[in-house]
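Below is one structure, written out as structure tokens; the observations come after it.
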Amino acid sequence: MALNERIITEAILTEYFEKFKECLDLDVAIVGGGPSGLTAAYRLAKDGFKVALFERKLSIGGGMWGGGMTFNYIVVQEESKHLLEEIGVPVKHFRDEYYTADAVACTTTLASRACLAGTKVFNCMSVEDVVLREVNGVKRVCGLVINSSPVEIAGLHVDPLVLHTKFIIEATGHDVEVLKTLVRKNDVRLLTPSGGIEGEQSMWAEVAETNTVKNTREVFPGVYVAGMAANASFGSYRMGPIFGGMLLSGEKVAAEIAGLLRSGTY
């Protein structure tokens, strides 16, 4: 066939902006495309909710691509391997209750399953602020302020755009970027012991894995934390290249938000 460059451009623009317009009102906006965010996106989209995921980088997957120190295998434990088996990733028993999986297979398959379930992914897009509303004296986050990552990186003074959402999952990892902005710009207290971001502690894999799931919860009205953002918010440890807790965190946050959306109690 004879190719027409203008038609190619029209196709890309038409499809992209249709997707963008569809996501101006969401059930769940997920910030950060690492393993916990992707797992939550897959589960929520599979359950029929309107989900979009926003990732600052060109690629999604977070730190899972590189396994440990670029050696691209990950480890999961017995209680979490069902999440990889569910999406069709081969899991190999190593010893005791430790299992290994190819990091690239995990990342690409999880991303694919999330997209095919209906998640709309916006890569190269940064979240620079949140939308706040006050109802009956209670402040709640109800939207995201977004901009192009290249605009952010270049430091250009370009105004952002806004979308509304019922829930936000803060899954930006160690940096908890959404929460930092929320706390820095507003006179608010988080649902943490100090009312602020407790901060991430050093490596202690056993405690960190347990606490990643334990700390996956609402941190501010309308905002849930998942993955390493949960431990950084509530003051627990890092765990390194074992990813079971990250996957279980995504499963937990998806189940909790799905329950609230179904009941209409939010």
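Both backbone and side-chain heavy atoms feed into the values below; hydrogens, waters and symmetry mates do not.
- Looking at Ser233 and Asn215, their side chains never come closer than 4.5 Å, going by heavy atoms from C-beta outward.
- By the neighbour-count criterion of 12 heavy atoms within 6.0 Å, atom CE of Met69 is sparsely surrounded, having that number or fewer from other residues, nucleotides or ligands.
- Other residues sharing a hydrophobic cluster with Ile12 under the 4.5 Å side-chain heavy-atom criterion for ILVMFWY residues are Ile8.
- When all heavy atoms are compared, the tightest approach of Ala254 to Leu44 is O-CD2, 3.5 Å.
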Take Glu85 and Tyr99, measure what side chain to side chain donor-acceptor pair (under 3.5 Å) needs, and give me the verdict at the end. CA-CA 12 Å; Glu85 292 171 337; Tyr99 295 80; over 6 Å; no

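- Residues that satisfy the ring-ring contact (aromatic ring centres under 6.0 Å, His included) test with Phe20, not counting sequence neighbours, are Phe122.
- Of all non-hydrogen atoms in Leu58 and Asn123, the two that sit nearest each other are O-ND2, 2.8 Å.
- Nearest approach of Ala205 to Met239, heavy atoms of both residues: CB-O, 3.8 Å.
- Counting heavy-atom neighbours within 6.0 Å of Glu134 CD, excluding the residue itself, gives a total above 12.
- The other members of the hydrophobic cluster of Leu3, by chain and number, are Met1 (side-chain heavy atoms under 4.5 Å, ILVMFWY only).
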Does the side chain to side chain donor-acceptor pair (under 3.5 Å) test come out yes or no for Ser149 and Glu152, once each step is laid out? CA-CA 5 Å; Ser149 293; Glu152 179 193 52; 4.9 Å; no

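- In this structure, CG on Leu260 lies 4.5 Å from CZ on Phe167, to the nearest 0.5 angstrom.
- What you find for Leu163 and Val131 is that their closest heavy atoms are O-CG2, 4.5 Å.
- With hydrogens and angles left out, the side-chain atoms of Thr181 and Asp129 include no donor and acceptor closer than 3.5 Å.
- Side-chain atoms of Ser80 and Gln77 include a donor-acceptor pair closer than 3.5 Å.
- The closest donor-acceptor contact from the side chain of Glu55 to the backbone of Ile60 lies at 3.5 Å or more, if one exists at all.
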